[in-house]
Amino acid sequence: MNLKLVKTENDSNIDIDPIFKGLNPEQHKGVKTIEGPVLIVAGAGSGKTKVLTQRIAFLIANGVPGYNILALTFTNKAAKEMSHRISKIVNESQASRIWAGTFHSIFARILRREAEHIGYTNSFSIYDQDDSLSLLKKTIENRGLDGQSSQTPNQIRSKISWAKNKMITPQQLAKEAKDTKDNFIANVYAYYEEELRKNNAMDFDDLLLNTITLLKNNPDVLEKYQDIFKYILVDEYQDTNKAQYLATKMLANKLENICVVGDDAQSIYKWRGADIKNILDFQKDYPTATIIRLEQNYRSTKLIINAADSVIKNNRHQIPKTLWTDNPEGDKIIVYNSIDEKTEAEYTIKEIKKIMEENRFSPKDFAILYRTNAQSLAYENACRRVNLPYLIVGGISFYRRKEVKDVLGYLRLLINPDDSEALLRVVNEPPRGLGATSLKHIKNFADFKHQSMFESFKEVDVIDELQSRAKNSIKGFINLVIKFQELKETMDLLELVKSYIQETGLIDMYRELDTDDSRDRISNIDQVINDLSDFATNNPESGLDEYLQQITLITDLDEKDTSQNQVKLMTLHTAKGLEFPVVFIAGLEEGLFPLGGSPNFPEDTEEERRLFYVGITRAMEKLYFTYADKRMKFGQTQYQKPSKFLQNVDKKYLSFTEHLNSPIKPNAPTYGSSSYGNSNYIKQQNQTKTGRTPNFRRPDFDDMQFKDDYSQVSKAVAVFRTGDRVTHKAFGVGRIELITGEGKNRQAMVNFNSVGRKKLMLEFAKLEKI
DNA sequence: ATCCGTGAGCTTTTT
DNA sequence: GCTCACGGAT
């Protein structure tokens, strides 16, 4: 398509000039360069979203119809935000036609349209993590593989997911398997895939994989979408995985109007298969690409930017870049060392109250960022105590609650009867006297006849093993579902759902219970129905199947109203893309942030450090780092050192505060690291670095002063090695197969002659070498 | 089939 | 500290 960049060609009645208003020269270029491949390297706070939205507005102003624009993001929220901003500048009907959404939701839409090309029906179910795990467990059990692996189903699931994200098939995995463990995974993986197909279901990873399969095997379909998506934009490109990368590449292959935006310094999803190479190699893929660098930060103070820069410099794998700002110098970062997680939270909340009284800030200007969701509890309690309004962003999603999933399960069954996951979920909810034994008989029958559970439910009369009570129960259940499957064709959607859910007996069950909890659950069920009603109003063309497909991809993040005047609590991952005048980064302790015990791989530490960088660059004016001497973990008090990341920040940007009224600190600690108090820490910041230990490979650890942290406990624990033969009081003789963790967290996987594999904390297990 | 007590294992981070 | 699976009792 040849665009003439003149106003007279517009079919929309907006002026082009306002689109460029207030943009710096690089941003201007980013908006204007709409033909051909473009890479925008956008530093934190450099106006990336502005460029993206103005760019789309510019496309539309030049006569590109909204439906020819594909804008891929990583969260629904980012997509919504983008559409919202665009609809403010351009004709709303055009704006609403833009294909803006997450990779997963856009690809789900495509797959729905083209389902028959890949052997699915268009009412396929989408399995979230819980469904997927449940299916996996059943698969392992049904194939007689339980007890054959030391790995938990969750571990297996994440390994399968990892393989899928890397586009490794079960066959390839089996071929590359290094040990029986890998072989086991490959095996389960193959079976799991079969089960998904039988269920006419896809997990999250399949949404990406199946799209690629579809585009690869159907050139006509590929061309169709290449012609629809004439202009492609990808946000957070540094976080794309192989599947996402390939899909976009295929779609962009014809016209090459692809614009990707990203910042390698903010790549934090490697664990989910993201490959930073995708952004680093963009120029190789598209040699003619225009490269645009947005390096002026409009968000933060000079001090914050410099501090962030001093942190990221510690990473070896980094594109050198200069982020700069015209903003004022700003205050130093306050570092607070607390006794435990409770005093950490109390200090934070007190500080928030103090700042609010002193000047212009209100609750919404504050964010507390932590590494793990579990850390939110102490802050919640502290906020509640002083009546400070707060909102936890993220965390467990509404759509993952039991009663909500039950309702959705019933609905899924209506449109996709092959979905045995949904079937088994709801068949005995409310209790219908259908336990494991009865269902096992039906399952056997279904396998024997090579048909779905649902089909077999219809034929219970011929299954001799079943008690007549169970038979009647099943007939009642199946008739209910069939009745509403038929009514679905004629009845109004909302009415249908209301009476269906009523007749399932779910609501009655909770009504009879009549507890606070059950009343909550009823109101949640009501909320699902309201939600569905909203969807039906907003999408009159769509049916129940589309609702269900989209709902699975919605997270709590997208649902909550974040515009209220509340302090926001969230993980560092969730905070990406957001900004706040005052930011607290909590739990800066070894083993928590960076997470994962000490001896992880340098790449992992680099990713954690990028996460720290993301956290720092969320702050506009004021920034705090807090860490605790001890903290409850797994119900036990754990002592830990301050995070090495604190030492990554140039000292001149920090201002230290110690907890006042501190009770006597344990100065002869039981555990390895609590001697590492605050005053010690400051001293060490001033010391010159100790020399490198020549045989120690990880540079990150050379910089740490671990020396006096190893107590006797750690020493005692450190003598064990892989391969050692040991005895245990209860389990007898065994051999150490694997050692993980460091210091007091050091754990050993021991294979005992009597009881098989056990994972033991070396500190407590009292093993003896033989 | 359901209720309850016990114990093991657990946590990253998200679509 | 919390959840989930398992086993025994009802």
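Source: prediction; values computed, not measured. So that the names make sense, note that chain A is the first sequence line, chain B the second, and so on, each numbered from 1. The basis for the numbers below is simple: all heavy atoms, side chains too, and nothing from hydrogens, waters or symmetry mates.
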query = L434(A) near the nucleic acid: base, sugar-phosphate alone, or nothing, with a heavy-atom cut-off under 4.0 Å?
reply = sugar-phosphate

inquiry  = Taking the nucleotide of DNA chain B with the nearest heavy atom to each, does R469(A) or Q129(A) sit closer to the 5' end?
reply    = R469(A)

key: Which residues share a ring-ring contact (aromatic ring centres under 6.0 Å, His included) with Y547(A), sequence neighbours left out   = F535(A)

ask   = Quick one: does L611(A)'s side chain get under 4.5 Å of H573(A)'s, heavy atoms only?
value = yes

key: Residue-phosphate contact under 4.0 Å: T574(A) side-chain N/O, dT14(B) OP1/OP2   = yes

note = Walking DNA chain B from its 5' end, the first of P431(A) and L611(A) to be reached, judged by nearest nucleotide, is P431(A)

query = dT12(B) phosphate, OP1 or OP2: any side-chain N/O from N373(A) under 4.0 angstrom?
reply = no

task = Name the closest nucleotide to the T437(A) side chain, picking from dA1(B), dC10(B), dT13(B).
result = dA1(B)

ask   = Hey, does F103(A) reach any base, or is it just sugar-phosphate, or nothing, if we go heavy atoms under 4.0 Å?
value = nothing

ask   = Would you call D604(A) and K270(A) a salt bridge, using N to O less than 4.0 angstrom?
value = yes

ask   = When we call it a touch if two heavy atoms are under 4.0 Å apart, what does K270(A) touch: a base, just sugar-phosphate, or nothing?
value = nothing

query = Only one of K630(A), K641(A), Q638(A), R631(A) forms a side chain to side chain donor-acceptor pair (under 3.5 Å) with E589(A), so which one is it?
reply = R631(A)

ask   = Checking all strands, does T152(A) fall into the base, sugar-phosphate, or nothing category for heavy-atom contacts under 4.0 angstrom?
value = sugar-phosphate

message = Strictly below 4.0 Å, N to O, side chains only: are R412(A) and E421(A) in salt-bridge contact?
response = no

task = Would you grab the first and last nucleotide of DNA chain C (5' to 3') that comes under 4.0 Å of any non-hydrogen atom in chain A?
result = dG1(C) to dA5(C)

request  = Measure the distance between the ring centre of Y269(A) and the centre of the six-membered base ring of dT14(B), then answer whether it is under 5.5 Å with planes under 30°.
outcome  = no

request  = With sequence neighbours left out, write down each residue that passes ring-ring contact (aromatic ring centres under 6.0 Å, His included) with F229(A), or none if nothing qualifies.
outcome  = W99(A), Y225(A)

Whole angstrom value for the distance that separates P of dT14(B) from CG of L369(A) = 12 Å

request  = Report yes or no: do S132(A) and D203(A) form a side-chain donor-acceptor pair below 3.5 Å?
outcome  = no

message = Could you tell me how far apart M509(A) (CE) and dA1(B) (C1') are, to the nearest whole angstrom?
response = 15 Å

key: Gap in Å between the two C1' atoms, one belonging to dT13(B) and one to dC4(C), rounded   = 22 Å

task = Rounded to the nearest angstrom, tell me the gap between atom CE in M632(A) and atom C1' in dC10(B).
result = 15 Å

query = Which part of the nucleic acid, if any, lies within reach of N428(A) when heavy atoms closer than 4.0 Å are counted: base, sugar-phosphate only, or nothing?
reply = sugar-phosphate

ask   = Once you round it to whole Å, what is the distance between C1' of dT14(B) and CG of N154(A)?
value = 14 Å

message = Using whole Å, what does the distance between atom P of nucleotide dT15(B) and atom NZ of K80(A) come to?
response = 12 Å

key: Protein-nucleotide distance (L592(A), atom CG; dT13(B), atom P), rounded to Å   = 10 Å

query = Among dC10(B), dT13(B), dT14(B), which is the nearest nucleotide to the side chain of T372(A)?
reply = dT13(B)

remark   = W162(A) CH2 to dT12(B) P, in whole Å, measures 17 Å

key: T571(A) side chain, from C-beta outward: closest of dC10(B), dT14(B), dT2(B)   = dT14(B)

ask   = Of the nucleotides dC10(B), dT13(B), dT11(B), which has the atom closest to the H573(A) side chain?
value = dT13(B)

Euclidean distance, atom NZ of residue K633(A) to atom C1' of dT11(B) [Å, nearest integer] = 10 Å

query = Does R272(A) come within less than 4.0 Å of D239(A), counting only side-chain N to carboxylate O?
reply = no

